[in-house]
Number of protein chains: 2
Amino acid sequence: MLQLSKKVEYGLIALRHMAMKPLGTVFTAKELAKEYDLPYELLAKILQKLARAGMVRSLQGVRGGYSLAKRADELTVADVINVIEETRPMVAECYTEGPESCYLFGSCTIRRPLGKLQRNLNVLFDEMTVQEIV
Amino acid sequence: MLQLSKKVEYGLIALRHMAMKPLGTVFTAKELAKEYDLPYELLAKILQKLARAGMVRSLQGVRGGYSLAKRADELTVADVINVIEETRPMVAECYTEGPESCYLFGSCTIRRPLGKLQRNLNVLFDEMTVQEIV
DNA sequence: CGTATGTAGGACTTACTAGGTCGGATTTCC
DNA sequence: GGAAATCCGACCTAGTAAGTCCTACATACG
């Protein structure tokens, strides 16, 4: 519980790798997977998501691959999680899914205090950028 | 991902409920489960764990039940998670399981930065007590 | 051209585990 | 002794994270 998913880890590893070379350098999914011994297909999908979100640029074809679309200090960990996980990292589901998701909503007594925790958590993720993990 | 487990939620709800009445008041698992419509057996186990950890006192027998063993401001959310989940809430498994758990350990480039995130996270949980959710 | 090399992306499989349930033992009050 | 409680291990189940497979499409280059 309360762990980052492998997808997010892999995404961060890939982004950090790209951030080490000059902006615009192209990397293939295969090359990145090999370098860190990550499952190729999975990493490819993650990169595709990041591409759709505009965090990396993708080039198709034989000399294709991925390159960073933004500076590393513009990519927050929160964004990466958000894109890969397709949801913000919430402490309780009623924050993401809404009141209907939880039959306890009416009687739940810990929602407000957890909300405070949540906001603090968000700040942590928002403030951390890929730049910092280089 | 990155959510508190139901167990922790139920535990916090129960502790908070107990913290509302004078210290020493006894509550049965059944009564607590009914009040918040939580699954009885599950809540019972959670309370047993909290009892073994010395956070609540348990009384067996017909007039038995549970009562808080400490003041609400002495019970941190971190402790509650720790006891119920039997592990600290870590952002990546290599922090809980050790280096052997992750075949990437040698090549992993995001461990250190995530460690920083982890420490910040710990502070959040350490600083929040049951008192604050009353 | 056409082939090698790359991304795009849907469908599927597998393994794990959170959440919940059941059964029975033990304790204690009346 | 019986009712009401904790105690605790074993079990079941559904959801999902992680990984795999397959096919389509794009493009550079001989």
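Residue numbering restarts at 1 for every chain, and letters A, B, ... go by the order of the sequence lines.
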If you find the nucleotide of DNA chain D closest to A:Gln60 and the one closest to A:Tyr10, which residue's nucleotide is nearer the 5' end? A:Tyr10
Using a heavy-atom cut-off of under 4.0 Å over every strand shown, decide if A:Ala51 touches base, sugar-phosphate, or nothing. nothing
Check ring pair (Phe, Tyr, Trp, His ring centres under 6.0 Å) between B:Tyr95 and all other residues, then give those that pass, not counting sequence neighbours. none
Sorted by number, residues from residues 32-48 of chain B placing a heavy atom under 4.0 Å from DNA chain C are B:Pro39, B:Glu41, B:Leu42, B:Lys45
Under a 3.5 Å distance rule, please check whether A:Glu74 uses its side chain to pair with a backbone N or O of A:Arg71 as donor and acceptor. yes
Provide, to the nearest angstrom, the distance between the NZ atom belonging to B:Lys49 and the P atom belonging to D:dC7. 14 Å
Check: B:Asn82 main-chain N/O paired with B:Glu85 side-chain donor or acceptor under 3.5 Å: no
CG of B:Leu12 to OG1 of A:Thr109: how many Å apart, nearest 0.5 Å? 9.0 Å
Out of curiosity, A:Leu50 CG to A:Ser58 OG, how far, rounded to the nearest 0.5 Å? 11.0 Å
Of all the nucleotides listed (D:dC7, C:dG9, C:dA4), which has the minimum atom distance to the side chain of A:Arg52? C:dG9
Of the nucleotides D:dC7, D:dA28, C:dT7, which has the atom closest to the A:Ala29 side chain? C:dT7
B:Thr28 side chain: which of D:dC7, D:dA5, C:dT7 is closest? D:dA5
Closest to the B:Lys7 side chain, choosing from C:dG19, D:dA18, C:dC29: C:dG19
Rounded distance in Å - NZ (B:Lys6) to P (D:dT16): 12 Å
Would you find a donor on one side and an acceptor on the other, under 3.5 Å apart, between the side chain of B:Lys70 and the backbone of B:Leu75? no
